[in-house]
Each structure stands twice: as C-alpha cells, then as structure tokens.
S.K.: 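To start, I am sharing the structure in question, which I have written as structure tokens.
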Amino acid sequence: MLQTLPAPHAPKLLSWYDRHHRELPWRVSPAAAKAGKRADPYHVWLSEVMLQQTTVQAVKSYFAKFLTLWPKVTDLAAAPVEDVMAAWAGLGYYARARNLKKCAEAVAAKHGGVFPDTEEGLRALPGIGGYTSAAIAAIAFNRQSAVMDGNVERVISRLHAIDAPLPGSKPLMKAKVAELTPSDRPGDFAQAMMDLGATICTPKRPTCALCPFRDDCLAFAEHDPESFPVKAAKKEKPVRFGAAFVAVTPEGEALLKRRIESGLLGGMTEVPTTAWTSRVDGGTTADHAPFPAGWEACGTVTHVFTHFELRLSVFRALTEKVAVDDGWWEPVTNLETQALPTVMKKAIAQAIPRAFEKHPN
DNA sequence: GATCCGTGGCG
DNA sequence: TCGCCAAGGAT
C-alpha cells in the first residue's frame with residue numbers, strides 16, 4: 001500500500017492551540033511563549049508531579065497552596081518533610097510527596113537551586129521519570145523532547161489506528177510522537193497534544209468535528225475512534241478486611257501514629273489498625289485493639305485503593321490518656337493539620353462524626 | 001514486564 | 001451504581 005506524504009500535523013495543531021489552549025495557573029500563554037517567555041521551571045515541575053495520574057481540577061488548589069507555603073524550590077527544600085506530607089494529604093500517591101521533597105533538596109544542594117535544563121539531567125532527579133523529564137524539558141526549556149502521557153497515547157493511537165494493546169505498544173507510540181514533534185515551539189506542541197486529548201480527543205464521545213487532525217485520523221476514517229487505545233485486560237481487585245481504633249480522651253485528644261516510610265500510605269498519619277487481611281475474621285473485632293478499653297463498634301467504612309478494596313470495622317473508646325510508645329495524642333480540633341490520608345479521615349469521621357467540621361479560631 | 005502505589009469525578 | 005480514568009514513577 002502506498003504511504004501518503006506526512007501531513008503537516010504540527011502546524012495544524014499549533015494553530016489550533018493558539019485559539020483553543022487551556023489557561024492554567026502554571027502556564028504562560030502561547031502568545032507570551034512565542035515572544036520568548038518561559039514558564040518558571042519550579043512551577044512546571046511542581047505542577048507536573050502533582051498532575052501524575054491526577055486531574056487538573058484536583059491539582060489547582062494544591063498548586064496554589066504549595067506556592068504560598070514555599071514560593072521557591074529552595075523554600076521547599078528547607079521545609080520539614082512532615083509539613084510537606086500534611087500539605088499533600090488528600091492528593092494521593094504519597095511517594096510523590098516524599099520524592100518531591102527529595103528532589104527539591106537535590107536541586108538546592110547539587111544544582112545551586114536551579115533545575116537542570118536537559119531531559120537527562122531532569123530524569124536523574126527523584127520522582128522524575130520518562131514522561132516528566134520530557135515534559136519539563138519541553139515546557140520550561142523549549143527542548144524538542146517527545147512528550148507522551150495518557151492523553152498523547154490516546155491521540156496517537158487514534159491518529160494511526162494502532163490496534164496493539166497498551167502498555168506493549170508504548171515504544172511504537174513514542175516513536176510516532178518523536179516523529180511528529182517539531183523543532184519550532186516543541187513546548188507548546190507538547191501542551192497542545194495534551195489539551196487536544198483532554199478537551200477534544202476524549203476517552204468517551206470525542207468531538208471529532210472540532211479536531212484539527214480529523215482529516216488525518218485513521219480511527220475517525222474507520223468510524224470508531226472510541227475503540228482506541230486498546231488496553232490489556234485488567235484483573236479484579238481483591239477485598240481486604242481490618243479494624244480501626246479511634247481512642248479519644250475526655251480532653252478531646254485522639255491517638256495517632258505514623259506509618260512506616262515505605263509502601264502503602266508511606267509516611268502518612270493513621271489511627272491504630274489491625275493488619276489488613278483477605279479474611280473477615282482477621283481483624284473485624286476489638287480483639288486486637290492497641291490497649292484494653294471500652295471499645296464500641298460504630299460501623300464500617302469502605303475505601304478503594306488502586307489494587308484492592310478495604311473494609312474497615314471502626315471502633316471507638318473514651319479512655320484515659322494512656323502512655324503509648326509509637327504514637328501521640330492529638331487534639332481533635334487539630335486533625336485538619338495532620339497528614340491524614342482519605343481512608344483515615346473516613347474512619348475517624350465514622351467514630352467522631354463532627355471531627356472534620358471547621359473549628360472557630 | 002508486572003506490580004505496587006490514592007483519590008475524586010463522571011457517564 | 002460502578003467501572004473507568006486522570007500530565008506516571010519506583011522497584
């Protein structure tokens with residue numbers, strides 16, 4: 001079959017981007033970019049890490065909060081890691097926060113507080129992988145790097161009607177992205193591809209009528225863009241069970257502890273729990289409470305993680321302030337300042353329904 | 001390459 | 001209601 005000459009994809013997309021780009025707090029407009037203005041590498045890095053597997057809407061308030069708390073990367077490098085974890089609480093994938101802090105420290109200590117301006121230099125930093133290094137290099141430094149995230153995978157798989165399943169087809173798609181990426185305005189091109197995927201070439205019901213690639217898109221020509229990208233079948237989530245114990249003193253203090261640095265919810269704050277096992281009888285009673293008290297069952301909470309579902313039986317007790325060697329007693333009015341992941345907030349709210357109401361200062 | 005890592009919104 | 005999915009990285 002004869003191969004047609006490559007259509008001028010990049011200019012079409014950039015022209016679309018000039019008119020339809022999203023305006024986001026960490027961006028500079030295409031007009032400003034054409035005049036040579038670049039986004040602050042610290043802002044680009046912070047937003048890119050927050051945006052890993054996370055929606056723009058969820059990121060916006062966290063991005064603003066972090067810039068208020070730590071205006072420069074050197075401020076973040078000097079911050080207590082507990083403060084960073086607490087500020088990140090609720091955003092998920094907490095290894096990102098631990099690596100964010102490590103990365104800021106590395107930039108401050110090894111690079112004089114200035115981000116490396118190459119893909120390779122960025123890739124060597126904690127929490128910066130193949131996607132993020134390419135994105136920062138393109139967006140902050142206008143490097144001609146091939147940027148491929150989930151949006152770009154969708155656009156590319158449709159444009160070329162790639163029917164090999166992800167993730168095996170990633171190298172092929174990456175090659176197609178590299179082929180498409182222009183030397184002129186590579187940063188805007190990367191952002192344009194992601195904007196196209198986020199607003200036009202959406203997973204469901206793409207708006208092909210408005211797409212600058214409509215006349216070039218093989219999936220559109222085949223009348224079935226929604227069937228791309230093809231993905232490998234996923235396995236079902238197992239269910240795990242456990243119990244959570246919310247102890248409160250008459251003075252209104254709750255017992256908290258810190259999880260180990262690695263693994264699930266690493267370094268975050270929790271209430272005492274049993275181990276989370278696949279068996280119902282592994283910890284749904286008060287038998288394994290941290291200490292004897294008048295433990296009272298107050299229902300269950302369910303939380304779905306990436307690879308399993310957790311059902312926690314919640315117990316509460318009004319107790320005296322017993323001495324604990326691996327935790328501390330925190331005023332309930334102060335819980336909002338703690339690095340509590342969502343599942344722990346659910347458990348505490350189950351035991352103390354008004355725990356997370358706003359308190360007057 | 002496969003597995004582990006959160007969360008909230010949406011159709 | 002519930003499966004899907006969102007600017008992935010580390011091991």
Side-chain angles (χ1 to χ4, degrees), chain A residues 21-22 24-27 39 43-63 85 88-100 102-103 122-140 145-155 165-171 174 177 187 189-199 201-206 226 229 231-238 240 259-268 270 302-310 339-346:
Chain A
H21 61 92
R22 290 180 292 177
L24 300 170
W26 43 86
R27 271 191 182 170
H43 297 185
V44 175
W45 163 71
L46 181 60
S47 66
E48 288 298 343
V49 173
M50 288 182 166
L51 285 162
Q52 290 166 5
Q53 298 290 284
T54 308
T55 58
V56 166
Q57 188 54 40
V59 163
K60 281 183 176 173
S61 65
Y62 284 86
F63 179 77
M85 300 304 287
W88 194 278
L91 201 53
Y93 283 137
Y94 297 99
R96 293 187 295 174
R98 300 193 296 272
N99 285 328
L100 191 81
K102 289 180 193 167
C103 183
L122 291 159
R123 179 71 178 78
L125 291 166
I128 298 185
Y131 160 75
T132 305
S133 56
I136 299 173
I139 297 168
S145 48
V147 178
M148 187 172 78
D149 71 332
N151 286 307
V152 179
E153 286 172 4
R154 192 167 52 254
V155 172
L166 284 168
S169 54
K170 277 194 180 189
K174 185 74 175 287
V177 176
F189 177 82
Q191 296 177 93
M193 286 287 278
M194 295 190 275
D195 278 17
L196 187 69
T199 64
C201 195
T202 48
K204 303 295 180 188
R205 296 178 57 86
E226 260 189 42
K231 294 188 178 180
K234 59 188 62 172
K235 23 191 278 188
E236 61 179 296
K237 289 181 183 181
R240 294 185 195 171
R259 294 177 64 87
I260 60 173
E261 285 302 310
S262 60
L264 183 72
L265 306 177
M268 299 295 284
E270 67 173 358
T302 295
H303 191 76
V304 181
F305 291 98
T306 311
H307 54 296
F308 69 94
E309 174 182 326
L310 177 65
L340 287 165
T342 297
V343 63
M344 293 301 157
K345 287 190 175 182
K346 283 185 186 176

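No experiment lies behind these values; they were computed from the predicted model shown. To find a chain, count down the sequence lines: A is the first, B the second, and so on, and within it residues start at 1.
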S.K.: What does Val147(A) touch in the nucleic acid at a heavy-atom separation under 4.0 angstrom: a base, only the sugar-phosphate, or nothing?
M.R.: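 The answer is nothing, as Val147(A) stays clear of every strand by at least 4.0 Å.
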S.K.: Would you say dG8(C) has OP1 or OP2 under 4.0 Å from some side-chain N or O of Gln53(A)?
M.R.: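 So the side chain of Gln53(A) is within the cut-off, an N or O lying under 4.0 Å from OP1 or OP2 of dG8(C).
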S.K.: Choose from dC5(C), dA7(C), dC5(B) the nucleotide whose nearest atom is closest to any side-chain atom of Lys234(A).
M.R.: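 Of the options given, the side chain of Lys234(A) lies nearest dC5(C).
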S.K.: Just compare dG6(B), dA7(C), dG9(C) and give me whichever is closest to any side-chain atom of Leu265(A).
M.R.: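 The answer is dG6(B).
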S.K.: How long is the line joining NZ of Lys346(A) and C1' of dG8(B), in whole Å?
M.R.: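 Checked: the NZ to C1' distance equals 10 Å.
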S.K.: Figure out the CD/C1' separation between Glu309(A) and dC2(C), and round it to whole Å.
M.R.: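 Answer to the nearest Å: 11 Å.
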S.K.: Is any side-chain nitrogen or oxygen of Lys235(A) closer than 4.0 Å to OP1 or OP2 of dT3(B)?
M.R.: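 True: Lys235(A) side-chain N/O within range (under 4.0 Å) of dT3(B) OP1/OP2.
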S.K.: Using a heavy-atom cut-off of under 4.0 Å over every strand shown, decide if Gly168(A) touches base, sugar-phosphate, or nothing.
M.R.: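 Counting heavy atoms under 4.0 Å across all strands, no contact is made by Gly168(A).
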S.K.: Can you tell me how far C1' of dG8(C) sits from NZ of Lys174(A), to the nearest Å?
M.R.: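 Rounded to whole Å, this separation is 12 Å.
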S.K.: For Lys204(A) and Arg96(A), take the nucleotide of DNA chain B holding the closest heavy atom to each; which residue's nucleotide lies nearer the 5' end?
M.R.: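 Its nearest nucleotide lies further toward 5', so the answer is Arg96(A).
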S.K.: For the C1' atoms, the ones on dT11(C) and on dT7(B), what distance do you get once it is rounded to whole angstrom?
M.R.: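 One C1' to the other, the span is 23 Å.
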S.K.: Is the distance from the ring center of Phe305(A) to that of His307(A) below 6.0 Å?
M.R.: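 So the answer is no for these two rings.
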S.K.: Would you check if the distance from the ring center of Tyr62(A) to the ring center of Trp88(A) is below 6.0 Å?
M.R.: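 Between Tyr62(A) and Trp88(A), the centre distance exceeds or equals 6.0 Å.
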S.K.: For the pair made of CE in Met50(A) and P in dG9(C), what is the distance, rounded to whole Å?
M.R.: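 Roughly 16 Å, once rounded to whole Å.
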S.K.: Taking the nucleotide of DNA chain C with the closest heavy atom to each, which residue, Thr132(A) or Thr55(A), is nearer the 5' end?
M.R.: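 It is Thr55(A) whose nearest nucleotide is closer to the 5' end.
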S.K.: Should His303(A) be listed as having a side-chain N or O under 4.0 Å from OP1 or OP2 of dG6(B)?
M.R.: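 No.
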S.K.: Looking across every strand, which nucleic acid part, if any, lies under 4.0 Å from Gly197(A) by heavy atom: base, sugar-phosphate, or nothing?
M.R.: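 Result for Gly197(A) = nothing.
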S.K.: How close or far is atom P of dA10(C) from atom NZ of Lys102(A), stated in whole angstroms?
M.R.: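 Roughly 10 Å, once rounded to whole Å.
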S.K.: Considering only dG9(C), dA7(C), dG6(B), which nucleotide approaches the side chain of Asp149(A) most closely?
M.R.: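 Between dG9(C), dA7(C), dG6(B), the one nearest the side chain of Asp149(A) would be dA7(C).
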S.K.: So, is Arg98(A) close to the dA10(C) phosphate, meaning a side-chain N or O under 4.0 Å from OP1 or OP2?
M.R.: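 False: Arg98(A) side-chain N/O out of range (4.0 Å or more) of dA10(C) OP1/OP2.
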S.K.: From dG9(C), dT7(B), dA6(C), pick the nucleotide closest to the side chain of Pro341(A)?
M.R.: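 My answer, after comparing the listed nucleotides, is dT7(B).
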S.K.: Measure from the side-chain heavy atoms of Lys231(A) and tell me the nearest of dA7(C), dC5(B), dC5(C).
M.R.: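 The listed nucleotide nearest to Lys231(A)'s side chain is dC5(C).
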S.K.: Do Leu100(A) and Leu46(A) come close enough that some side-chain heavy atom pair is under 4.5 Å?
M.R.: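 Leu100(A) vs Leu46(A): side chains touch.
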S.K.: Applying a 4.0 Å non-hydrogen cut-off, can you work out what Trp26(A) is touching in the nucleic acid: base, sugar-phosphate, or nothing?
M.R.: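 Since a base atom lies under 4.0 Å of Trp26(A), the category is base.
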S.K.: Can you tell me how far C1' of dT11(C) sits from CG of Leu264(A), to the nearest Å?
M.R.: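 After rounding, the gap between these two atoms is 16 Å.
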S.K.: Does Pro126(A) or Arg22(A) map to a spot on DNA chain C nearer the 5' end, using the closest nucleotide for each?
M.R.: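 The residue closer to the strand's 5' end, by nearest nucleotide, is Arg22(A).
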S.K.: Indicate whether OP1 or OP2 belonging to dC5(B) is found under 4.0 Å from a side-chain N or O atom of His307(A).
M.R.: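 Affirmative; the distance criterion is met.
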S.K.: Provide the distance between the two C1' atoms, one in dG8(B) and one in dT1(C), to the nearest whole Å.
M.R.: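 Pairwise C1' distance, dG8(B) against dT1(C), rounds to 16 Å.
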S.K.: In whole Å, measure the gap between the C1' atoms of dA6(C) and dG6(B) for me.
M.R.: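 Nearest-Å result for dA6(C) against dG6(B) at atom C1': 12 Å.
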S.K.: Would you mind reading off the distance between Phe305(A) atom CZ and dC2(C) atom P, rounded to a whole angstrom?
M.R.: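 Nearest whole value for this atom pair: 19 Å.
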S.K.: Are OP1 or OP2 of dA6(C) and a side-chain N or O of Tyr93(A) less than 4.0 angstrom apart?
M.R.: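 Tyr93(A) to dA6(C) OP1/OP2: no side-chain N or O under 4.0 Å.
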S.K.: Starting at CG of Leu125(A) and ending at P of dA10(C), how long is that distance when rounded to a whole Å?
M.R.: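 Checked: the CG to P distance equals 10 Å.
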S.K.: Given the rule in the side-chain contact (heavy atoms from CB on, under 4.5 Å) test, do Tyr94(A) and Asn99(A) qualify, once you have shown the distances and angles that lead to the verdict?
M.R.: CA-CA 9 Å; Tyr94(A) 297 99; Asn99(A) 285 328; over 6 Å; no
S.K.: Could you tell me whether the side chain of Arg240(A) reaches within less than 4.5 Å of the side chain of Glu309(A), counting heavy atoms only?
M.R.: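 They are not in contact (no side-chain heavy atoms under 4.5 Å apart), so the answer is no.
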S.K.: Mind checking the C1' distance from dG8(C) to dG1(B)? Whole angstroms is fine.
M.R.: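 Looking at atom C1' only, dG8(C) and dG1(B) are 16 Å apart.
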S.K.: For Ile136(A), which contact category applies under a 4.0 Å heavy-atom criterion: base, sugar-phosphate, or nothing?
M.R.: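 No contact at all - Ile136(A) keeps every heavy atom at 4.0 Å or more from the nucleic acid.
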S.K.: So does Arg27(A) pair up with Asp195(A), basic N to acidic O under 4.0 Å?
M.R.: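 Salt bridge between Arg27(A) and Asp195(A), a charged N being under 4.0 Å from a carboxylate O: yes.
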S.K.: Does Gly266(A) or Pro167(A) map to a spot on DNA chain B nearer the 5' end, using the closest nucleotide for each?
M.R.: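 Upstream on the strand: Pro167(A).
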S.K.: Would you say Thr342(A) places a side-chain N or O within less than 4.0 Å of OP1 or OP2 belonging to dG8(B)?
M.R.: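 True: Thr342(A) side-chain N/O within range (under 4.0 Å) of dG8(B) OP1/OP2.
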